[in-house]
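These notes are about the structure you will find just below.
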Amino acid sequence: MSQAGGGRGCGSSVPPRAPWSLVAATAALCLVSATSVWTAGAAPMSREEKQKLGNQVLEMFDHAYGNYMEHAYPADELMPLTCRGRVRGQEPSRGDVDDALGKFSLTLIDSLDTLVVLNKTKEFEEAVRKVLRDVNLDNDVVVSVFETNIRVLGGLLGGHSLAIMLKEKGEYMQWYNDELLQMAKQLGYKLLPAFNTTSGLPYPRINLKFGIRKPEARTGTETDTCTACAGTLILEFAALSRFTGATIFEEYARKALDFLWEKRQRSSNLVGVTINIHTGDWVRKDSGVGAGIDSYYEYLLKAYVLLGDDSFLERFNTHYDAIMRYISQPPLLLDVHIHKPMLNARTWMDALLAFFPGLQVLKGDIRPAIETHEMLYQVIKKHNFLPEAFTTDFRVHWAQHPLRPEFAESTYFLYKATGDPYYLEVGKTLIENLNKYARVPCGFAAMKDVRTGSHEDRMDSFFLAEMFKYLYLLFADKEDIIFDIEDYIFTTEAHLLPLWLSTTNQSISKKNTTSEYTELDDSNFDWTCPNTQILFPNDPLYAQSIREPLKNVVDKSCPRGIIRVEESFRSGTKPPLRARDFMATNPEHLEILKKMGVSLIHLKDGRVQLVQHAIQAASSIDAEDGLRFMQEMIELSSQQQKEQQLPPRAVQIVSHPFFGRVVLTAGPAQFGLDLSKHKETRGFVASSKPYNGCSELTNPEAVMGKIALIQRGQCMFAEKARNIQNAGAIGGIVIDDNEGSSSDTAPLFQMAGDGKDTDDIKIPMLFLFSKEGSIILDAIREYEEVEVLLSDKAKDRAAILKGKMIPSYIINSNPETENEEQPSSENDSQNQSAEQMTPGSQEVELVDQESPEDSVLSSHPESLSPADTDSAANASPSEQNPNPTENHEPTSPDGECTDLDDNQLQEQSETEEEPPPSVGWGKKAQPIDSILADWNEDIEAFEMMEKDEL
């Protein structure tokens, strides 16, 4: 989610209802005066170094954008590991994540205004022509209304805004005649049927061709949507109305915002995560500033900035006061229950809240912005990237990182507000980590696991739309940009909308409906950006003094979960029973359970079953406490189960021409050498004969001293390991025999022993799914000699390649050096993103039973078995993690503490899920010599991956 690029007034001299042009004009003053205070506080970065880093950002964008245009366009997104386009319906479904894909060249549209910000005006002009020529918005595909609005509609409007700016300058886009705006209007009308509900909240999905409810539409039966999904429309829809004069778009977006405001919880002034679009009832009653709600708050404040409507500011300030009262626990931001906001709803935070410090900058509340940003930075320094979710004691909760830009965005706005060069160093770290860990030959790959460094075949459009924009602006001086960025506001996807829209086509009534719902305390409402002399009282070390206590918060602090007990203390009663404190043998705890309507049943096999009947609770408050207790027990059970599992391992290809850039996610074994406790194993790979490894090898000379490749099936894993070990192999990689299987779509599992003593197995064994294994097999066919590294996580390339005669740019990840040592290639001229993140499943399934001869570990945690209940301790479908692999992420493996009591209730799940069916993929080979043309001139063409025809 993104913050504003424009600003509000800077000093108290701007009256509350000043003409918005005056407020916008003073925006730059606020940032300039802040900078003048701060430059004395730390050693400034030289102009030369800032230019060098800015040029590095440009080269990184060229690498990502150029590979998308060469290998993926006109597909929606690039798959950077297989160097092809992601086309909906031709790849295994990723669930809700794929709702952003509409076969409308998503990445190109999302990147339009980034091209102008980065001064690539010729490429922008060419890209606009491609959009007008190739993009079809009438596809028979079901898409997310939210994602399509912020990425596609926003991208078209941002492109239009800068196209007319360039046309006015007289050099570029002279042929342009509002074509992008006409496409945006067409798309706007296609989204309008989604608003056909009694509440005015839009359906979450719509068919671009057939709309809603028609049989051929395949959508329109949904009842719930997330708050951000319904509340993140006003900027794009209002801009479309102001640009075209068609008021219907702004009217529909305002109606949705009005309904959300009316349905807020009146005593806490908080909103929940998901809401019923027909009744207005809250479906998920937890509230925070991360996934599912984030951009709703953002758009309230920015709607005031762009449209000048006081009611939006009043609503934002009312919510902001509640956030700081209940959710903010500096430096943490923890979800709470909207009806009982003194109780935390979870013990972890998601990565999307990283946008919030930037929003606080726009609000003018700098101190908590600095605190939260610094906490997030410490997490990044520990893991290289911000995990999708992490606990209050900073352990990994969900290990993925899809190259999200929110932290870079907040870094940019904090630098603009303070001028503190510390934030330039933060940006430099982000650039280095992206080049070092995420850069691959065909773009930048998302991190599948930040602990191991393994990659995912994914490069979202928001990566190009936002990340490079914020990083470039961080290091750019005013003269480096061909237009005044302060004349625009950033949408949540970082698209640029001009502030002059506030005075254009103002046909929408600005009746202040906020005061109809609540008594407002005017003292809470700042109408202008606070004066920097008040924010920073002539102390150049102010920000540093705030950051300093947080420097070691991640490494040295393992606090127990924070419990909100103020309400209980005030009333003199005991705080509610928490799941982590529960003891099944404690009579007092059992009595509390009974009061909450929770029954405890002892099963014949010794397991314990918990069931809640809300109608049996002593009161409605006790029933709510019971529901919270059951939800906590789900999380606690999942967390304890994860801690018992081995984390995934990494297979890193280190030979020419890969040089450690390709990292494959591998499943561990419960036998053999433990790579987390011993040095990694490095060696060349060789296929065993027989390939299944189920008998004595007939080619021992081929695998002697090497890492043997074996196919899964026909015997147990331990037997395969013994056979290759007896042949002299130093390690083994088992490759799945289920063609098309992939760690992207199937849960990782551990290879178990054969029920016998496996201490005789001394070599490391790892498991690769078919898709990852084929990368190694294809490399062998092309290069014959392929060297890999088996380890607990990906290793630094400099350490891998020490002593090797290779180009220095491979080690340094320095694009400038890379360009000097090799021929450069010209490029042809990206609420999870915003996808919804929700808690994962309680079940841990590590079993693939397709081959009965294989012995695979299955974990069976004891179940809460909430059958026959009114309220069951079970995650609802809306709370299931959309990526099946995300349900099975283990907690951080080493050196991290836990606050769990060994005597706590151990829960189990009796259900075993079948693995997903195998998914076939295309057979046509793709020559990819062009992919590596910018590597080294001695690299020859090779065919490594297979490509589907678009």
Side-chain angles (χ1 to χ4, degrees), residues 1-4 270 287-295 297-298 301 316 319-336 344-383 385-395 397 401 404-418 420 422-423 425-427 429-430 470 474 492 530 535-536 542-557 559 561-562 564 831 837:
M1 304 295 101
S2 307
Q3 288 10 290
L270 295 173
S287 183
V289 297
I293 303 180
D294 45 6
S295 50
Y297 295 134
E298 176 187 0
L301 181 55
F316 171 79
H319 285 313
Y320 187 78
D321 178 71
I323 291 169
M324 301 309 292
R325 186 187 304 271
Y326 304 120
I327 296 171
S328 177
Q329 302 176 43
L332 309 180
L333 292 163
L334 293 176
D335 286 15
V336 299
N344 290 331
R346 60 174 57 148
T347 58
W348 49 272
M349 296 166 280
D350 65 70
L352 286 173
L353 62 76
F355 92 100
F356 198 65
L359 188 62
Q360 289 179 307
V361 170
L362 185 60
K363 159 72 176 172
D365 198 0
I366 303 297
R367 183 184 184 94
I370 294 173
E371 291 175 333
T372 299
H373 180 275
E374 182 62 25
M375 177 270 292
L376 295 171
Y377 185 43
Q378 296 303 317
V379 174
I380 289 174
K381 288 203 291 187
K382 181 173 184 178
H383 299 293
F385 298 98
L386 197 61
E388 279 291 76
F390 54 94
T391 63
T392 55
D393 50 0
F394 309 110
R395 291 177 298 164
H397 186 70
H401 174 74
R404 294 197 184 278
E406 286 77 18
F407 181 78
E409 169 189 356
S410 287
T411 302
Y412 165 65
F413 286 107
L414 272 169
Y415 177 68
K416 292 291 287 184
T418 66
D420 191 340
Y422 175 83
Y423 296 108
E425 296 297 332
V426 173
T429 299
L430 298 182
Y470 288 125
L474 177 64
T492 195
L535 278 177
F536 320 118
Y542 176 74
Q544 180 180 341
S545 68
I546 297 174
R547 292 192 300 263
E548 197 62 35
L550 302 172
K551 288 292 185 182
N552 300 315
V553 66
V554 172
D555 292 329
K556 294 185 178 180
S557 176
I562 301 172
R564 294 284 189 105
N831 121 316
M837 289 174 52

Please round to the nearest 0.5 Å and tell me the distance separating atom [atom1] of [X] and atom [atom2] of [Y].
X	Y	atom1	atom2	result
W348	T392	CH2	OG1	12.0 Å
E406	L359	CD	CG	12.5 Å
Q544	T418	CD	OG1	12.0 Å
N344	L332	CG	CG	9.5 Å
L386	I380	CG	CD1	5.0 Å
F413	L474	CZ	CG	11.0 Å

Under 4.5 Å between any side-chain heavy atoms of [X] and [Y], yes or no?
X	Y	result
Y422	E374	yes
M349	V379	no
V289	D294	no
L353	L376	yes
L334	R346	no
L414	V426	no

(request) Please report the C-alpha distance between H373 and Y423 in whole Å, then the side-chain angles of each, then the deciding distance to 0.1 Å, and finally whether the side-chain contact (heavy atoms from CB on, under 4.5 Å) criterion is met. (result) CA-CA 10 Å; H373 180 275; Y423 296 108; 3.6 Å; yes
(request) Report the C-alpha distance between F394 and K382 in whole Å, list the side-chain angles of each, state the deciding distance to 0.1 Å, and finish with yes or no for side-chain contact (heavy atoms from CB on, under 4.5 Å). (result) CA-CA 10 Å; F394 309 110; K382 181 173 184 178; 5.6 Å; no
[X] versus [Y], closest heavy-atom pair with distance:
X	Y	answer
P357	A354	CD-O, 3.3 Å
V361	A369	CG2-CB, 4.3 Å
P387	A351	O-CB, 3.4 Å
S410	G358	OG-N, 3.0 Å

(request) Kindly write out the residues that satisfy ring pair (Phe, Tyr, Trp, His ring centres under 6.0 Å) with Y377, not counting sequence neighbours, or none if the list is empty. (result) none
(message) Which residues pass the side-chain contact (heavy atoms from CB on, under 4.5 Å) test with P368, not counting sequence neighbours?
(response) Y320, M324, Q360, D365, E371
(message) Would the distance check show the side chain of D350 and the main-chain N or O of A291 forming a donor-acceptor pair, the cut-off being under 3.5 Å?
(response) yes
(request) Using atom types as modelled and distance alone, determine if a side-chain donor or acceptor of T411 lies under 3.5 Å from a backbone N or O of G427. (result) no
(request) Can you sort out the partners of H319 under side-chain hydrogen bond (donor to acceptor under 3.5 Å, both in side chains), two or more places apart, ordered by chain and number? (result) Y296
(request) Name all residues meeting the side-chain hydrogen bond (donor to acceptor under 3.5 Å, both in side chains) criterion together with T372; count only those two or more places apart in sequence or in a different chain, and write none if there are none. (result) none
(message) Please determine whether side-chain contact (heavy atoms from CB on, under 4.5 Å) holds for the pair I327 and L270, giving the CA-CA distance in whole Å, both sets of side-chain angles, and the decisive distance to 0.1 Å.
(response) CA-CA 10 Å; I327 296 171; L270 295 173; 4.0 Å; yes
(request) Please work out whether the ring planes of Y470 and Y412 are parallel, tilted or perpendicular, with thresholds of 30° and 60°. (result) tilted
